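I have placed the structure first, in the form of structure tokens, so that the comments after it can refer back to it.
Numbering of ligands and ligand atoms starts at 1, following listing order. From a predicted model like this one, the values you see are computed outputs, not experimental measurements.
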Amino acid sequence: MTKATAKKVCTTLCPPVDLSGEASWTDFDAPALVGESLRFVSGEPDGNRFRVRYYRDGEQQLKARIWFGPETEGPPGHAHGGSMAAVFDEVLGLAAWAAGYSIVVGNLNVSFRNLLPLQQVVTLESRVISAEGRKIMVHGRICSGETVYAEGECLCITIVKK
Ligand SMILES: CCCCC/C=C\C/C=C\C/C=C\C/C=C\CCCC(=O)SCCNC(=O)CCNC(=O)[C@H](O)C(C)(C)COP(=O)(O)OP(=O)(O)OC[C@H]1O[C@@H](n2cnc3c(N)ncnc32)[C@H](O)[C@@H]1OP(=O)(O)O
């Protein structure tokens, strides 16, 4: 896609995008694990906001291919920081669930490193860093090739049944 095309805002539904993963990744069925509770980010897979597809890599870490559509716009032609934070909240929280922890997100720090152009497929790479008591630390970054758009550090807290 040329830069000129990428900047064009879709007033109707944008065309399909290629969210396929790398050859070594396997599909990850998020709804099978957590039900329909991820609608905020991944609830409209053909819409103009986010389009997301989940995978596990060879080390079983969660990966996501994500397209930030025109409805995530913040700075002209680029993704709103809050849209990236929402993506980190969902994907890093889901990464902890995928690793076997029943959690909510207690704290999320996001560093915005580069403006993210709209309508570009990027990758969110996650990694469960540590698990100490109820605290599960998950790190991630939104990137494409060598470019890192944002980094996230997510403290997840396991839910205590009352
Ligand atoms: C009961 C609700 C159940 C909801 C979930 C149920 C089912 C979900 C099913 C499927 C899930 C689907 C998808 C999951 C994937 C993504 C989810 C998206 C992520 C989210 O969108 S999720 C919503 C946003 N999320 C919240 O809405 C959290 C609101 N909040 C709370 O629910 C409490 O605040 C909680 C539980 C976090 C802690 O409360 P608590 O009373 O259980 O535990 P306590 O306060 O004692 O903390 C224990 C130790 O964690 C440390 N600690 C706690 N918070 C910290 C912080 N912020 N910074 C640094 N350290 C912190 C303490 O310092 C202590 O550490 P120490 O033990 O060393 O003293």
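- For the residue pair Thr123 and Arg65, a side-chain donor N or O sits within less than 3.5 Å of a side-chain acceptor on the partner.
- Distance check: Ile103 CD1 to Leu92 CG gives 9.5 Å after rounding to the nearest 0.5 Å.
- More than 12 heavy atoms of other residues, nucleotides or ligands sit less than 6.0 Å from atom CD of Glu125.
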Residues Tyr55, Gln61; criterion side-chain hydrogen bond (donor to acceptor under 3.5 Å, both in side chains); working and verdict: CA-CA 8 Å; Tyr55 300 90; Gln61 302 285 353; over 6 Å; no
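- Listed by chain and residue number, the protein contacts of ligand 1 are Val34, Ser37, Leu38, Asp89, Glu90, Gly93, Leu94, Trp97, Val104, Val105, Gly106, Asn107, Arg134, Lys135, Leu155, Ile157, Ile159 (heavy atom within 4.0 angstrom).
- Phe112 is linked by a side-chain contact (heavy atoms from CB on, under 4.5 Å) to Met84, Val110, Ala150, counting only residues two or more places apart in sequence or in another chain.
- Under 3.5 Å, the side chains of Gln120 and Tyr149 contain a donor-acceptor pair of N or O atoms.
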